[in-house]
*Asks:* 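First the structure, then my questions, so here it is.
A, B, ... follow the sequence lines: proteins, then strands. Residue 1 opens every chain.
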Protein chains: 2
Amino acid sequence: MKRLNAKCKLWLSSKNIEGVFGDGKWRLLEAIDRTGSLREASKSLQISYRKAWGDLNKAQDALNVALVEKQRGGNIGGKTTLTSEGKKWIEAYSKFRADVEKAVGKAYEKRIEGLLK
Amino acid sequence: MKRLNAKCKLWLSSKNIEGVFGDGKWRLLEAIDRTGSLREASKSLQISYRKAWGDLNKAQDALNVALVEKQRGGNIGGKTTLTSEGKKWIEAYSKFRADVEKAVGKAYEKRIEGLLK
DNA sequence: ACTGGTTATGCACAACTCGACATATCGGCT
DNA sequence: AGCCGATATGTCGAGTTGTGCATAACCAGT
């Protein structure tokens, strides 16, 4: 029997909308924080700007929170920066995710590993 | 801010193959145990026989374990029953899943709920 | 004004998944 | 030998999701 590993895709949903927030959007926020730009963030994550833009809006609409402040035009073209709410979400989700990852690892050791002789 | 809930898609992967075992295949095994037939199992889960059959084979191939014993022909056409290994997997995965679900709930309360004023 | 880089947004296209359909095969019973 | 219902498997089409391309709007600086 081969060696396995447990994976877990985590996300939050509201009553009406699936995938309000999850790993992808979390990484996106982090990348925005790091780069100061939605375009640069999408590049660094190797996803299309189109998707990054859509994801960000979806999260904001669904959560009804301003996670970022976007600015068009100007000498540098524009920028996107996190709001304090956005930073809180990164922080909270990061811990949430870490808690779950840890639990998954433990549960795997406890429940599954025994089956793999 | 709206009420959210945390979701978690769990699965096991081997080095080469994604999705070796997960909720879908777990439910499939349970349904097979309950019905004694792959066809009936697929019906009760409202998935196509085609998919059920493919999933089952994929799991067995990837785990390199006989989870079920299939029998073609005969007066009742055929049947599919779990092996003792199959039963062990149901049991183990069920507990694994429950552990993780519980942890997700706790982590959600601890890390996320505070953000939702 | 003009420029350059970014945000904003629609649309057509490719990849992937899954379901529906079509057949073929199998093997106790009658 | 023929039947019947389940397993076995390929194939085509629909729905979903993300990418790529095109284009517009924006605006501090030169």
Side-chain angles (χ1 to χ4, degrees), chain A residues 7 9-11 13 16-29 31-62 66-83 86, chain B residues 7 9-11 13 16-29 31-62 66-83 86:
Chain A
K7 296 194 179 177
K9 182 179 164 66
L10 253 190
W11 73 98
S13 292
N16 307 315
I17 311 176
E18 254 318 86
V20 162
F21 201 93
D23 279 28
K25 297 182 178 64
W26 168 60
R27 272 192 285 269
L28 180 57
L29 286 190
I32 290 173
D33 195 25
R34 208 166 53 238
T35 60
S37 140
L38 184 50
R39 180 162 299 278
E40 285 305 312
S42 72
K43 277 184 196 167
S44 92
L45 295 179
Q46 309 222 268
I47 61 176
S48 64
Y49 174 81
R50 191 67 183 72
K51 174 167 165 55
W53 176 81
D55 283 358
L56 184 53
N57 285 353
K58 183 177 176 183
Q60 293 195 130
D61 287 356
L67 298 167
V68 301
E69 189 174 350
K70 304 179 195 174
Q71 204 172 109
R72 294 207 293 191
N75 57 338
I76 55 169
K79 60 180 180 173
T80 301
T81 52
L82 292 187
T83 63
Chain B
K7 296 193 179 178
K9 182 179 165 64
L10 253 190
W11 74 97
S13 291
N16 307 314
I17 311 176
E18 260 304 292
V20 162
F21 201 91
D23 279 28
K25 296 183 180 62
W26 168 60
R27 272 193 285 269
L28 180 57
L29 285 190
I32 290 173
D33 195 25
R34 208 166 53 237
T35 61
S37 141
L38 184 52
R39 181 162 297 280
E40 286 304 312
S42 72
K43 278 185 196 167
S44 92
L45 295 179
Q46 308 223 267
I47 61 176
S48 67
Y49 174 83
R50 189 67 182 73
K51 175 166 165 56
W53 176 81
D55 283 357
L56 184 54
N57 284 353
K58 183 176 177 184
Q60 293 196 127
D61 287 355
L67 298 167
V68 300
E69 190 174 349
K70 304 179 196 175
Q71 203 171 107
R72 293 210 293 193
N75 56 339
I76 55 170
K79 61 181 180 173
T80 300
T81 53
L82 292 186
T83 63

*Asks:* For DNA chain C, which residues of residues 47-57 of chain A approach it to below 4.0 angstrom with any heavy atom?
*Replies:*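 Contacting residues: A/Tyr49, A/Arg50, A/Trp53.
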
*Asks:* Taking for each residue the nucleotide of DNA chain D with the nearest heavy atom, is it A/Arg72 or B/Glu40 whose nucleotide lies nearer the 5' end?
*Replies:* B/Glu40

*Asks:* Is there a side-chain polar atom (N or O) of A/Lys70 under 4.0 Å from OP1 or OP2 of C/dT6?
*Replies:*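 Negative; the distance criterion is not met.
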
*Asks:* Keeping B/Lys25 on the side-chain end and B/Gly19 on the backbone end, is there a donor-acceptor pair under 3.5 Å?
*Replies:*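 Yes; at least one donor-acceptor contact below 3.5 Å.
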
*Asks:* Please report the distance, rounded to the nearest Å, between CD in A/Glu18 and C1' in D/dT17.
*Replies:*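 Atom CD in A/Glu18 sits about 15 Å away from atom C1' in D/dT17.
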
*Asks:* Heavy-atom nearest nucleotide on DNA chain D for A/Gln46 versus B/Ile76: which residue maps closer to 5'?
*Replies:* B/Ile76

*Asks:* Over the length of the helix from C/dA1-D/dT30 to C/dT30-D/dA1, how much do the five-pair end axes diverge, rounded to 10 degrees?
*Replies:* 10°

*Asks:* Pick from A/Ile47, A/Thr35, A/Leu56, A/Asp55: which one makes a side chain to side chain contact (heavy atoms under 4.5 Å, CB included) with A/Ser42?
*Replies:*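 Per the side chain to side chain contact (heavy atoms under 4.5 Å, CB included) rule, the option paired with A/Ser42 is A/Ile47, out of A/Ile47, A/Thr35, A/Leu56, A/Asp55.
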
*Asks:* Determine whether more than 12 heavy atoms belonging to other residues, nucleotides or ligands lie under 6.0 Å from atom NZ of A/Lys70.
*Replies:* yes

*Asks:* Should B/Thr80 be listed as having a side-chain N or O under 4.0 Å from OP1 or OP2 of D/dT7?
*Replies:*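 The answer is yes; a side-chain N or O of B/Thr80 sits under 4.0 Å from OP1 or OP2.
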
*Asks:* Are the side chain of A/Thr83 and the backbone of A/Ala66 linked by a donor-acceptor contact shorter than 3.5 Å?
*Replies:* yes

*Asks:* Which nucleotide in the list D/dC26, D/dT7, C/dT6 gets nearest to the side chain of B/Arg39?
*Replies:*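 Comparing D/dC26, D/dT7, C/dT6 against the side chain of B/Arg39, the answer is D/dT7.
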
*Asks:* Would you say the side-chain atoms of A/Gln60 pair up with the backbone N or O of A/Leu67, donor to acceptor, closer than 3.5 Å?
*Replies:*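 Side chain of A/Gln60 to backbone of A/Leu67, a donor-acceptor pair under 3.5 Å: yes, one is there.
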
*Asks:* Would you kindly give the CG-to-P distance between B/Leu28 and C/dC18, to the nearest whole Å?
*Replies:* 13 Å

*Asks:* How close or far is atom P of C/dG5 from atom CD of A/Gln71, stated in whole angstroms?
*Replies:* 17 Å

*Asks:* What residues, two or more places apart in sequence or in another chain, satisfy side chain to side chain donor-acceptor pair (under 3.5 Å) together with A/Glu18?
*Replies:* A/Trp11, A/Ser13, B/Lys7

